[in-house]
Amino acid sequence: MVRRIHSDRESSFKANEAAMREDAVCMTFTEGHASNANPCAEGAIKEVSSRCRTALEQAVQQLVRQDLKEAVKTYLYHYAFLWSCDRVT
């Protein structure tokens, strides 16, 4: 069960603040672009992003047409992201 969410001041978190309070979820914030404020999360984001980009590049390396590469990467992004998260956690 989620009890606490930490975020920068990203608008989707701020928009759901009332609902989070109703569910007794504590929300804490840092100013945006303060990567040193939460180095553990920033490191995980870097790792997931890197794995995701690598997986997508490997998935399309045999394709020749650039427009097709971009379309396939767009389609597969969600799956690559989930796969990357699975590997990090």
Side-chain angles (χ1 to χ4, degrees):
M1 177 173 273
V2 176
R3 293 284 178 212
R4 179 176 175 260
I5 294 177
H6 182 79
S7 169
D8 57 11
R9 300 206 176 270
E10 202 269 321
S11 61
S12 65
F13 285 106
K14 295 296 286 177
N16 292 310
E17 193 169 8
M20 295 292 178
R21 284 188 185 150
E22 286 177 19
D23 291 335
V25 175
C26 176
M27 295 180 69
T28 57
F29 299 97
T30 58
E31 294 302 319
H33 307 292
S35 60
N36 60 343
N38 196 348
C40 184
E42 295 296 330
I45 291 167
K46 181 179 178 182
E47 180 73 19
V48 167
S49 297
S50 176
R51 286 178 183 263
C52 187
R53 278 192 305 274
T54 300
L56 289 171
E57 287 301 323
Q58 288 177 351
V60 300
Q61 68 184 358
Q62 299 293 322
L63 300 176
V64 177
R65 289 182 27 208
Q66 189 62 31
D67 61 331
L68 187 56
K69 283 184 177 186
E70 292 305 315
V72 169
K73 286 197 289 190
T74 299
Y75 178 77
L76 292 177
Y77 179 82
H78 175 77
Y79 301 104
F81 182 80
L82 292 175
W83 178 85
S84 300
C85 289
D86 240 9
R87 298 303 178 270
V88 171
T89 56

Measure the NZ-CZ distance between K46 and R51 for me, rounded to the nearest 0.5 Å.
-> 13.0 Å

Please list, chain by chain and in numerical order, all residues satisfying salt bridge (Lys or Arg N to Asp or Glu O under 4.0 Å) with R21, sequence neighbours excluded.
-> E17

Output all residues satisfying salt bridge (Lys or Arg N to Asp or Glu O under 4.0 Å) with D23, sequence neighbours left out; order by chain, then residue number.
-> none

Under 3.5 Å, side-chain donor or acceptor atoms of residues 72-81 against the rest of the protein: list the pairs with distances, not counting sequence neighbours.
residue: K73; atom: NZ; partner: E57; partner atom: OE2; Å: 2.7
residue: T74; atom: OG1; partner: E70; partner atom: O; Å: 2.9

Using the rule that two of Ile, Leu, Val, Met, Phe, Trp, Tyr join whenever any of their side-chain heavy atoms come within less than 4.5 Å, decide whether L63 and L56 are in one cluster.
-> yes

Short side-chain to backbone donor-acceptor contact, T54 and S50, under 3.5 Å = yes

Interatomic spacing from SG in C85 to CD in E47 - rounded to 0.5 Å = 10.5 Å

